[in-house]
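Beneath this line is the structure, given in structure tokens, with notes to follow.
Heads up: numbering here begins at 1 and tracks the sequence. Keep in mind that this is a model prediction, so the values were computed, not measured.
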Amino acid sequence: MPRHRSLGVLIVILSLLGGAGCSGGDGDATVDPAAPGGSATSTTASSEVTPTTSVPDLGAAETVAPDDATLIATPTWGVVPANRVDVLLGAGLGRADAEAVASAVGGSVVGSVELIGLFQIETMGTSEADLVAAIDIATSQPGVQSAGPETQLVQKQSECTSTGPFADPHYAEGDNARPYDVIGLKNAHDIIRASGIETKKVKIGVTDTGLMAASTEIDGSSSVAGLKPTDGIGVMSVDKNGVPDMGGLNHGTCVTHVIAADGNNGGVAGVASVLGEKLEVAVSDVFDGPVPPDAEFGGTAWGGRTLASLVAQINGGAKVINMSLGPIKPEAANAHNNEVYRRFFAKVHELRPDVVFV
């Protein structure tokens with residue numbers, strides 16, 4: 001493995017994950033190169049993390065998931081609530097303007113993401129015709145940039161089998177270790193451990209399914225601070241036929257393994273596990289919506305809840321946030337949702353350029 005490639009990975013790890021010169025930590029401890037295999041990763045997960053530095057707050061994000069009883073199947077948007085219109089207002093407009101739009105459609109504001117001027121309006125609608133009419137009225141109101149139904153996001157999964165070429169015999173078989181060989185990850189970890197370089201605290205967010213208690217890689221913990229049993233801990237991921245996949249875990253757990261699995265317990269290792277006790281992962285479970293009949297994988301998330309989760313993670317100090325999600329398929333019907341996320345990412349970049357979305 002060329003040395004420059006390993007050093008490149010080292011630089012990426014340090015720059016994205018709290019290395020020397022990065023903000024967000026106290027920097028008062030170092031990785032112990034004398035510890036067997038380096039210091040073990042201590043990973044916690046929570047939906048709220050206390051910031052360690054003064055950074056711009058992203059404002060309130062309080063959204064309401066639709067009632068399952070209001071869901072209807074439409075040829076344009078798939079399964080959506082008949083009584084919910086999401087409105088994106090122009091710059092400088094706020095709740096009072098959203099209330100005026102709600103009045104025009106005979107509804108009320110039930111949720112918002114203030115950062116981007118997104119407001120959830122609940123109406124008395126019960127059919128697709130009611131929904132279309134409400135969207136048309138909302139779109140025609142002064143200051144409304146875009147309006148549409150609250151749509152679902154689905155997991156965009158890939159096989160979660162190759163998560164670290166360290167201790168697990170699995171990585172000695174065939175090309176299983178190849179992805180990490182390509183980026184020189186093991187060499188980068190070795191350089192960090194051997195150099196004794198100062199590392200700083202880093203918080204990573206995962207917006208996905210809840211972390212499963214069955215995992216033995218995340219500090220061997222059977223419970224996760226900040227997540228309640230109702231958040232989906234222990235809910236196994238299944239494919240479109242209802243067959244368990246992902247090695248009997250779920251997607252959010254596997255993603256967290258890729259990031260932070262304990263590399264010293266004889267199993268897989270995380271990309272950032274070399275940070276040891278300086279690493280913290282906040283896992284937000286958002287996939288609790290009904291599964292559309294044409295979804296490739298199980299589990300859906302409502303857009304409003306997903307945005308609120310991202311705001312909470314950023315306000316809590318997360319600097320790198322993983323989101324394995326997206327619309328069911330690329331099509332023109334996603335235009336409103338695309339504009340919502342485009343504005344969200346642009347606004348976060350403006351206020352918090354130190355935050356990276358994956």
Side-chain angles (χ1 to χ4, degrees), residues 12-31 39-63 113-116 192 197-211 218-219 221 223-228 231 233 252-253 255-262 270-286 305-325 341 344-358:
V12 170
I13 290 175
L14 292 177
S15 62
L16 290 185
L17 305 183
C22 296
S23 62
D26 54 18
D28 59 356
T30 60
V31 174
S39 58
T41 300
S42 174
T43 304
T44 61
S46 64
S47 57
E48 298 291 342
V49 184
T50 303
T52 57
T53 59
S54 177
V55 294
D57 190 277
L58 300 188
E62 300 177 356
T63 61
V113 179
E114 293 181 0
L115 175 70
I116 57 173
I192 292 173
I197 191 170
E198 180 182 12
T199 59
K200 297 187 177 183
K201 292 181 179 179
V202 61
K203 298 169 185 175
I204 298 175
V206 175
T207 299
D208 208 300
T209 48
L211 186 63
I218 311 301
D219 205 26
S221 178
S223 63
V224 182
L227 293 182
K228 302 178 293 296
D231 285 333
I233 296 177
T253 302
V255 167
T256 307
H257 282 182
V258 171
I259 297 169
D262 186 347
V271 171
S273 62
V274 69
L275 293 176
E277 295 180 355
K278 300 297 185 70
L279 178 63
E280 185 174 347
V281 180
V283 181
S284 294
D285 177 26
V286 297
R305 179 172 180 181
T306 302
L307 288 170
S309 168
L310 295 176
V311 168
Q313 288 182 336
I314 296 168
N315 283 340
K319 294 293 186 70
V320 181
I321 300 178
N322 187 88
M323 323 180 303
S324 302
L325 49 85
Y341 277 87
F344 179 81
F345 291 133
K347 194 66 177 178
V348 172
H349 178 68
E350 174 187 333
L351 296 174
R352 294 293 306 279
D354 56 335
V355 174
V356 177
F357 294 98
V358 181

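- Note that CD1 of Ile321 and OG1 of Thr207 are 6.0 Å apart. Values are rounded to the nearest 0.5 Å.
- Listed here is the closest heavy atom pair of Gly205 and Ala318: N-CB, 3.9 Å.
- Rounded to the nearest 0.5 Å, atoms CG (Leu310) and CE (Met323) are 5.5 Å apart.
- Side-chain N or O atoms of Gln313 include one that pairs as donor or acceptor with a backbone N or O of Ala282 at under 3.5 Å.
- Thr256 places a side-chain N or O within donor-acceptor distance of the main-chain N or O of Gly252, the cut-off being under 3.5 Å.
- The two atoms that bring Pro56 and Arg352 nearest to each other are CD-CD, 3.6 Å, heavy atoms only.
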Start with the C-alpha distance between Leu279 and Ile204, add both sets of side-chain angles, then the distance that settles side-chain contact (heavy atoms from CB on, under 4.5 Å), and finish with yes or no. CA-CA 8 Å; Leu279 178 63; Ile204 298 175; 3.8 Å; yes
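- Taking NZ from Lys201 and NZ from Lys319, the interatomic distance works out to 13.0 Å, rounded to the nearest 0.5 Å.
- In this pair, Tyr341 and Phe345 present their aromatic rings tilted. The plane angle is within the 30 to 60° band.
- When all heavy atoms are compared, the tightest approach of Lys347 to Ile116 is CB-CG2, 4.3 Å.
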Evaluate the side-chain contact (heavy atoms from CB on, under 4.5 Å) criterion for residues Thr63 and Val113: first the C-alpha distance (whole Å), next the side-chain angles of each, then the deciding distance (0.1 Å), finally the verdict. CA-CA 7 Å; Thr63 61; Val113 179; 4.0 Å; yes
Please assess Ile259 against Val255 for the test side-chain contact (heavy atoms from CB on, under 4.5 Å), listing each intermediate value before the final yes or no. CA-CA 6 Å; Ile259 297 169; Val255 167; 4.1 Å; yes
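- Not a single donor-acceptor pair under 3.5 Å links the side chain of Asn315 to the backbone N or O of Asp57.
- Taking each heavy atom of Ile314 and Phe357 in turn, the nearest pair found is CD1-CZ, 3.7 Å.
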side-chain contact (heavy atoms from CB on, under 4.5 Å) evaluation trace for Leu115 with Leu351: CA-CA 10 Å; Leu115 175 70; Leu351 296 174; 3.6 Å; yes
